[in-house]
Trainee: 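Here's a structure for you.
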Amino acid sequence: MFANTQSVNPATNAYQTSDVQAGNNFSVDQELDAQTVADILLEELSTTLEMRPASGRDVMMRIALEVERICVHSKRIQTSGEVRTWQLNLARHRLQKCLQYYKLGSQQGRVELHSTLAAMVYRHIAAFAAQLNFQARYNLIEDFLQGFYIESLRAFRREHNMAEDYTPHTKLELSEYMAFTEQYAKRQIGLPGRNRQRLIVLRAQGFAKGQPPETSIDIELAVEGGKTEEAEAQSRSSAMQQVREQMVSEAVDPADAVLRQRVIAELVEYLQSQDQTDCVDYLMLKLQDMQASDIDKVLGLTARQRDYLQQRFKYHVEKFARSTNWKLVHEWLGADLDQKLGMTTSQWEDFQSKLSANQRQLLQLKREQKGEKEIAKALKCTPKQVQKRWAKLLDLAFAYRNGANA
């Protein structure tokens, strides 16, 4: 499935590429058609690679159509007033992931993908009571992932309306498929009780229970609904109806996934700027849902060293969330100023009544999106003091919100 290809020059970060002229002619809230998005992506792809791959146009169009579908079905995006911005951010996010695999090449790209997926299912690949050594667990992971790659390819064909015998051939098509497989594995599936779990973990848990592949229920189809006559027939089955009733109301807004990735990227950049590379390593392992004992082994830490690292990591995360990144973090949590810092209207009014005059003025200036220098001038203090006062106000909001919801 993974064809051998030649390596190329490293790809640059697509997020850093500015809109081409075609994209700058639209207002912020105006939705772009798929062809325009595909043209923008193709231009950025060609600039990054300093060449135009033969399959580039088809791959970019598939990305554009997928993004268009996400934007149409996301209520959050449709009501944001920034559909065009979301389109371009989502599209560039997918292009960047594709370029990452393109840069690695077919062999190393497969190794990286395999390693990422294996880490995600390591704890779930066998029954809880099973006492397996590393080699036995590794063999199970290999068997499971071979089946998952086939499932992912079928999903890729289905979601992009590809021929049933389609297989990636060019290096760019292979990169597209590997990026899709990683994204497919990480899809968050809503479960009863407002719990969420990654698709690949649910698959691994089914594998551990000995559930045969031919009887497994396509969870993604249950959430999204059928697209073909065969899929529609399957969706009408009683089993599928039960799954949909349990999960469809909890389907995750794709906009949340993009915000989460932005928060992670900004947090990694912040930690690196603070020379906290061990905290970055810890974060990457936590994102793979690894247990503390496994993290200790990978990082070569004693339990005491790991506790110290956890405390240092917590300190920097809290500092990150209160610094210039607060807006991004609160937007992701659904608790930014537009959402009254996560409070109800009555809580928001009561919270403001407890603030001092200076704090209320600071809050109002922040709501008006004034810059720190402008706020400092209005409050007759330094920008550094503005940061400290705002961090304290966010702490007060956090404490009030948690106390109100207790």
Side-chain angles (χ1 to χ4, degrees), residues 1-17 41 44-56 58-60 62-63 92-122 125 134-135 137-153 155-156 166-187 198-200 204 261 264-265 268-269 272 277-278 280-290 294-295 297-300:
M1 184 180 299
F2 294 93
N4 291 324
T5 54
Q6 299 295 320
S7 61
V8 296
N9 293 332
T12 56
N13 191 334
Y15 272 113
Q16 302 301 319
T17 308
L41 294 180
E44 295 184 358
L45 174 71
S46 302
T47 301
T48 299
L49 300 181
E50 298 182 348
M51 59 171 287
R52 179 165 294 189
S55 55
D58 290 339
V59 173
M60 296 306 104
R62 284 195 287 271
I63 292 177
R92 284 173 175 144
H93 174 75
R94 280 154 176 73
L95 174 59
Q96 173 62 15
K97 180 59 68 174
C98 185
L99 285 171
Q100 288 176 5
Y101 281 108
Y102 191 96
K103 170 184 175 181
L104 291 170
S106 62
Q107 187 63 33
Q108 188 59 33
R110 185 186 186 282
V111 170
E112 290 293 328
L113 175 63
H114 204 71
S115 176
T116 298
L117 300 186
M120 292 166 62
V121 302
Y122 183 84
I125 202 64
F134 176 81
Q135 187 60 48
R137 193 175 291 268
Y138 175 82
N139 292 336
L140 285 176
I141 290 174
E142 290 296 302
D143 291 342
F144 166 74
L145 287 182
Q146 291 308 312
F148 187 79
Y149 291 137
I150 295 173
E151 175 189 343
S152 173
L153 183 58
F156 180 82
Y166 169 81
T167 301
H169 294 294
T170 69
K171 184 174 182 178
L172 185 62
E173 289 175 343
L174 181 61
S175 302
E176 176 193 24
Y177 165 70
M178 288 193 286
F180 174 87
T181 299
E182 180 183 337
Q183 180 186 349
Y184 181 71
K186 293 179 178 179
R187 287 183 181 178
R198 287 174 171 173
L199 173 63
I200 195 172
Q261 290 302 319
I264 292 172
V268 169
E269 184 177 339
Q272 290 173 338
T277 55
D278 50 350
V280 175
D281 295 337
Y282 178 77
L283 171 63
M284 293 299 102
L285 295 176
K286 289 294 289 183
L287 290 173
Q288 294 175 22
D289 198 27
M290 292 184 69
D294 295 325
I295 293 177
K297 291 178 183 179
V298 173
L299 298 182

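Sequence positions, counted from 1, serve as the residue numbers for this chain. In this text, all values refer to a predicted model and were calculated from it rather than measured experimentally.
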Trainee: Taking ring pair (Phe, Tyr, Trp, His ring centres under 6.0 Å) as the definition, give me every residue that meets it alongside Tyr282, ordered by chain and number, with sequence neighbours left out.
Mentor: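 Testing Tyr282 for ring pair (Phe, Tyr, Trp, His ring centres under 6.0 Å), a comparison that skips the adjacent residues, returns Phe313.
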Trainee: Which residues pass the salt bridge (charged side-chain N to carboxylate O under 4.0 Å, His left out) test with Asp278, not counting sequence neighbours?
Mentor: Arg312
Trainee: List the residues meeting side-chain contact (heavy atoms from CB on, under 4.5 Å) with Ala118, not counting sequence neighbours, and say none if there are none.
Mentor: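 Ala118 satisfies side-chain contact (heavy atoms from CB on, under 4.5 Å) with Ile141, Leu145 once adjacent residues are dropped.
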Trainee: Quick one: list whatever passes side chain to side chain donor-acceptor pair (under 3.5 Å) with Ser152, sequence neighbours left out.
Mentor: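 Only Thr181 meet the side chain to side chain donor-acceptor pair (under 3.5 Å) criterion with Ser152.
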Trainee: Could you list the residues that satisfy side-chain contact (heavy atoms from CB on, under 4.5 Å) with Val298, not counting sequence neighbours?
Mentor: Leu285, Met290
Trainee: Can you confirm whether Glu269 is buried at CD, in the sense that more than 12 heavy atoms of other residues, nucleotides or ligands lie under 6.0 Å from that atom?
Mentor: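 No - once you tally the heavy atoms of other residues, nucleotides and ligands closer than 6.0 Å, there are 12 at most.
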Trainee: What I'd like to find out is whether the side chain of Ile295 reaches to under 4.5 Å of the side chain of Asp281, using heavy atoms alone.
Mentor: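 Of all side-chain heavy-atom pairs linking Asp281 with Ile295, none is under 4.5 Å.
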Trainee: Are Ile150 and Gln146 close enough that some pair of their side-chain heavy atoms sits under 4.5 Å apart?
Mentor: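 In short, these two side chains do not touch, never coming nearer than 4.5 Å.
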Trainee: How about Phe148 and Tyr184: do any of their side-chain heavy atoms sit closer than 4.5 Å?
Mentor: yes
Trainee: Does some side-chain heavy atom of Asp58 sit less than 4.5 Å from a side-chain heavy atom of Glu173?
Mentor: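 Side chain of Glu173 against side chain of Asp58, heavy atoms only: no contact under 4.5 Å found.
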Trainee: Are the aromatic rings of Tyr177 and Tyr101 close, with centres under 6.0 Å apart?
Mentor: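 No.
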Trainee: Tell me, please, which residues at least two apart from Glu112 pass side chain to side chain donor-acceptor pair (under 3.5 Å).
Mentor: Gln108
Trainee: Tell me the closest heavy-atom pair linking Leu45 and Gly56, and the distance in Å.
Mentor: CD2-CA, 4.2 Å
Trainee: Looking at every heavy atom in both Ser175 and Cys98, which two are closest together, and how far apart are they?
Mentor: CB-O, 3.4 Å
Trainee: How would you list, by chain and number, every residue that makes a salt bridge (charged side-chain N to carboxylate O under 4.0 Å, His left out) with Glu182, sequence neighbours excluded?
Mentor: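 Once residues adjacent in sequence are excluded, the partners of Glu182 under the salt bridge (charged side-chain N to carboxylate O under 4.0 Å, His left out) criterion are Lys97, Lys186.
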Trainee: Could I get the full list of side-chain contact (heavy atoms from CB on, under 4.5 Å) partners for Gln183, not counting sequence neighbours?
Mentor: Glu66, Arg94
Trainee: With sequence neighbours excluded, tell me which residues meet side-chain contact (heavy atoms from CB on, under 4.5 Å) with Ser46.
Mentor: Leu42, Arg52
